Amino acid sequence: IYCDVISNPIFYLVMMAGGYQTFTKLYNPRAHDATLPRNYYNISNMQKLGVTGGYFGVIGALLLAMEVNAQYKKSPETLQREREYGLR
């Protein structure tokens with residue numbers, strides 16, 4: 001995230017909001033929603049670790065996919081040259 005991989009500031013807002021919401025749901029459930037049943041979020045620490053790892057895995061996969069996609073981006077000039085010379 002910090003290596004100029006993502007230039008859209010909305011991504012950071014979504015990441016912060018989603019991270020905060022997930023944290024409050026897992027680690028302070030009563031403050032999040034008092035209408036839920038008492039043991040709704042009563043999960044073990046290993047299950048919490050699995051959920052956390054899953055979120056980081058999804059984020060990592062998305063960042064990797066964005067990096068791979070960036071390698072195939074072409075400038076308008078390159079696309080114009082390919083169209084003119086019948087490349088690709």
Side-chain angles (χ1 to χ4, degrees):
I1 294 175
Y2 60 89
C3 296
D4 198 31
V5 174
I6 300 165
S7 59
N8 190 343
I10 294 174
F11 175 83
Y12 298 107
L13 293 174
V14 170
M15 287 296 298
M16 289 189 317
Y20 174 75
Q21 181 134 7
T22 301
F23 179 81
T24 58
K25 282 184 176 183
L26 289 176
Y27 296 100
N28 193 8
R30 287 193 175 87
H32 179 70
D33 190 3
T35 62
L36 291 174
R38 174 177 274 186
N39 291 326
Y40 188 77
Y41 289 110
N42 191 15
I43 61 175
S44 70
N45 285 335
M46 287 304 292
Q47 290 171 325
K48 289 180 184 180
L49 183 64
V51 170
T52 303
Y55 273 106
F56 280 111
V58 167
I59 291 167
L62 289 173
L63 290 174
L64 178 66
M66 288 173 58
E67 184 63 30
V68 169
N69 186 42
Q71 294 174 359
Y72 295 103
K73 289 182 181 177
K74 297 179 182 179
S75 68
E77 294 82 15
T78 304
L79 293 172
Q80 181 67 30
R81 271 186 263 129
E82 287 179 355
R83 197 175 313 126
E84 287 175 2
Y85 297 113
L87 301 174
R88 183 159 180 222

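All values derive from a computational prediction rather than experimental measurement.
No single ILVMFWY cluster, assembled from side-chain heavy atoms under 4.5 Å apart, contains both Leu64 and Phe11. Side-chain heavy atoms closer than 4.5 Å link hydrophobic residues (I, L, V, M, F, W, Y) into clusters, and following such links, possibly through other members, connects Tyr12 to Met15. Residue Met66 is grouped with residue Ile59 when hydrophobic side chains (ILVMFWY) are merged at heavy-atom distances under 4.5 angstrom, including chains of intermediate members. Leu62 is not connected to Val14 by any chain of hydrophobic side-chain contacts under 4.5 Å among Ile, Leu, Val, Met, Phe, Trp and Tyr, and they are in different clusters.
Through chains of ILVMFWY side-chain contacts below 4.5 Å, Leu13 is grouped with Met16. The hydrophobic cluster containing Tyr20, built from Ile/Leu/Val/Met/Phe/Trp/Tyr side-chain heavy atoms closer than 4.5 Å, comprises no other residue. Apart from Leu49 itself, the hydrophobic cluster it occupies contains Met46, where clustering links Ile, Leu, Val, Met, Phe, Trp and Tyr at side-chain heavy-atom distances under 4.5 Å.
Remark: Tyr55 pairs with no residue by the ring-ring contact (aromatic ring centres under 6.0 Å, His included) rule, at least two apart or across chains. For Tyr85, the side-chain contact (heavy atoms from CB on, under 4.5 Å) criterion is met by Arg81, Leu87, not counting sequence neighbours. Taking the side chain to side chain donor-acceptor pair (under 3.5 Å) definition, one finds that Thr52 meets it with nothing, sequence neighbours left out.
Each of Arg83, Glu82, Glu77 was checked for a side-chain hydrogen bond (donor to acceptor under 3.5 Å, both in side chains) with Gln80, and the lone residue meeting it is Arg83.
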